[in-house]
Protein chains: 2
Amino acid sequence: MTSNERLEGDNEAILIIASSEIDSNLYFATGFLAPDPFIYLEVEGEKILLMSDLEIDRARKEARVDTTLSYATYEDRARQEGTEKPRSIDVVNALLRERGVTALLVPESFGIGLADPLREKGYFIRSKREPFFEARTVKTEEEIGLITETLRHTEAVMERAIAILREADVRGGALHWQGEVLTSERLKQVINVALMERECVAQHTIVACGVDACDPHNEGSGTLRAGEAIILDVFPRSSRSRYFADITRTVVKGRAKDSLKRLYETVLEGQEIAFSRIRHGASGQAIHQAILDHFRSKGYETGLQNGRMQGYFHGTGHGLGLDVHEPPRISKMDDTLHSGHAVTVEPGLYYPDLGAVRIEDLVVVTETGCRNLTQFPKELEIP
Amino acid sequence: MTSNERLEGDNEAILIIASSEIDSNLYFATGFLAPDPFIYLEVEGEKILLMSDLEIDRARKEARVDTTLSYATYEDRARQEGTEKPRSIDVVNALLRERGVTALLVPESFGIGLADPLREKGYFIRSKREPFFEARTVKTEEEIGLITETLRHTEAVMERAIAILREADVRGGALHWQGEVLTSERLKQVINVALMERECVAQHTIVACGVDACDPHNEGSGTLRAGEAIILDVFPRSSRSRYFADITRTVVKGRAKDSLKRLYETVLEGQEIAFSRIRHGASGQAIHQAILDHFRSKGYETGLQNGRMQGYFHGTGHGLGLDVHEPPRISKMDDTLHSGHAVTVEPGLYYPDLGAVRIEDLVVVTETGCRNLTQFPKELEIP
């Protein structure tokens, strides 16, 4: 969306000012990780970093850019040009003037605290909606390898979690392990620690049992119980590669009621619908709607019931890479899938009276279908 | 900074649209954690959330706000008012119109991808520089308790790391532990895993030896060696409270050269200068300058030498709380300290020819001085 009309012939440059710890576009553009905001400018194909004294030596070694300049140098220049205490905006201004830039393309997340004063200095700024870098959504084979690497770590740890549920005894309906009641908190800790041993950082891991699991973002708490659905959703980032993985399994310790088995089979059918429809050019919205329709045809309605959302009230999937949620979505929104997109496929059904089921795999979109990166088995009952 | 003049008598509301995982202002305002962006409006003292179907039940239970409204309801309203496919901006618009809001105060990080279309709809938007919520910088006793809790976990794990360095053998200058060469990577892993066991998430932990340590943000790699400075900098976030802690120690396995001992003593003196000057109303800039002057008086110059930054080329300290770096800074910038600020005090000196030293404690500013929250000892040599 454009707020100032761009003039013909303007020398439009890309500008990002952010911390690459938080802003994956900036990390994607530079390959350089820093905790505090820094300045990235792309002008006529030249990738330029403006770095503080603290980061400049490391940036010169690590960043995949053409030119790394000293913030302090341009700060001095801003001072010489009359700004007594230059702020970052004055320093950027000195660089933009040197490069003859008058028009800027920025991500939609570019803060107005920076955009407004730049506009006051006369720059034309337009923002581009995500994906800012189209190339980020289409994964290279190398990127798919990195995502798969994180996924394999995650699957190994999921296997450990399932093994613990298998080892657990049931006493009075409650699971016990290593002489203690087995809680959501304990199992999440085991998962997160095991992933950290593999240099993967897991946060907000979900181990939710029974009614807790009926709220898809409830992380779970308290005693794990036999005969109730337990949703395990694990989505760590590799500290090495910075690529995420994401997997969900639903299990029951002991025997599941028939009503829960039927729910599980229906969610699996929903996943198969997605697998059969995902391909280059497919509409995310159409895939999502087909699953909703299937669930309804099986008698699973979605909507407010007894004052809370029930049924299938989240998206079918999301792109994944340097962020855990990135474009495209397979949801009510009308995104189109492209070959090379890495997306989750995670239908779910949630009814406090019946239980909750979510099953999530990670696939890569191809010309003719999709390739499932996830190898972990799907078995509801754990003996 | 104001880009549209505010009209007298406007009903100015606070608007934040972000993920509270990333935006600590939003988490501070709502106490609600969600991975995807949601909408927060504060109008005439009423705190309002606009939540998706996916999050609304959890938000109603967990969020510390007055009113939680359904995104879907306002989406329908936008549709009824003629927007075929309402985007979040249209949904916000429906809410703002209902509440009679025409002027908005937003954080400086508010994205222009949202601000521009809101301005096109006629809203006056001005942004406020950090700290957006002044109250975030002044910690309550409860918050200081939470920061201290994270710090105690961090100190316990620092103790474990130092114990490993003590247990290590030296063979040909290289540290060995548990039958293997002890590397930066291994020690970082031990630290990060031990913190995860305590529900603290440590990322970018620094264990940097020798020349690596001369770059303050180099995380370190390879063999740890006796007789060289090893900088350990650990700054995890508690998963429970979301509050950070931050500590740095510099150690040498075996004997340190006199030149390194002198560097260490000088950095300690720098820290004492800060401790003696920090109090309510003190200038961060003056404190930072006093340390720089002291270092210079001892012969430790700061600046480019042989093409790389040497001396004291980072800030003395930073505020810490829900973010690891937050206002105020004790640095070249002219921030004023206030009673209740929690700030790090971390002078350092870096010379590839001599070695690197950084020592970091965490203090709370008081009316008359500061209270050091850090209890961990400072000893350069580890036998």
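Residue numbers begin at 1 in each chain, while the letters A, B, ... track the order of the sequences. Values below: every heavy atom of this structure, side chains too, minus hydrogens, waters and symmetry copies.
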CD-CG distance between B:E55 and A:D215, expressed to the nearest 0.5 angstrom: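 B:E55 CD to A:D215 CG: 7.0 Å, rounded to 0.5 Å.
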Atom pair CD (A:Q203) and CD (B:E21), whose distance is rounded to the nearest 0.5 Å: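 Output value for this atom pair is 6.5 Å.
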Does any backbone or side-chain atom of [X] lie under 4.5 Å from a heavy atom of chain A? Answer side chain, backbone, both or neither.
X      : answer
B:H325 : side chain
B:E197 : both
B:L54  : both
B:V106 : side chain
B:A18  : neither
B:S239 : neither
B:K85  : side chain

Just give me the residue among [options] that pairs up with chain B most often, heavy atom to heavy atom, under 4.5 Å.
options                        : value
A:I56, A:V190, A:N192          : A:N192
A:H204, A:H314, A:Q189, A:E199 : A:H204
A:D334, A:D57, A:N218          : A:D57

Nearest heavy-atom neighbours spanning A:S127 and B:G113: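 That closest heavy-atom pairing would be OG-CA, 3.7 Å.
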Where B:M196 and A:A202 come nearest, the two heavy atoms and their spacing: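 Answer, listing the atom of B:M196 first, then A:A202: CE-O, 3.5 Å.
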Heavy-atom pair count under 4.5 Å with chain A, highest-scoring of B:L33, B:L195, B:V193: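 Most heavy-atom pairs within the cutoff with chain A belong to B:V193.
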Close side-chain approach of A:D36 to B:H318, heavy-atom, < 4.5 Å: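 Heavy-atom side-chain distance check fails, nothing below 4.5 Å.
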Residue pair A:I112, B:R119: steps toward the side-chain contact (heavy atoms from CB on, under 4.5 Å) verdict: CA-CA 12 Å; A:I112 72 165; B:R119 283 174 171 163; 3.7 Å; yes
Cut-off 3.5 Å, no hydrogens considered: what does the side-chain donor-acceptor table look like for residues 301-309 of chain B, sequence neighbours left out?
{"unit_1": "B:E301", "atom_1": "OE1", "unit_2": "B:R296", "atom_2": "NE", "d": "3.4"}
{"unit_1": "B:T302", "atom_1": "OG1", "unit_2": "B:Y312", "atom_2": "N", "d": "2.8"}

Residues that B:R79 engages under salt bridge (charged side-chain N to carboxylate O under 4.0 Å, His left out), provided they are two or more places apart: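 Partners of B:R79 under the salt bridge (charged side-chain N to carboxylate O under 4.0 Å, His left out) test: B:E75, B:D76.
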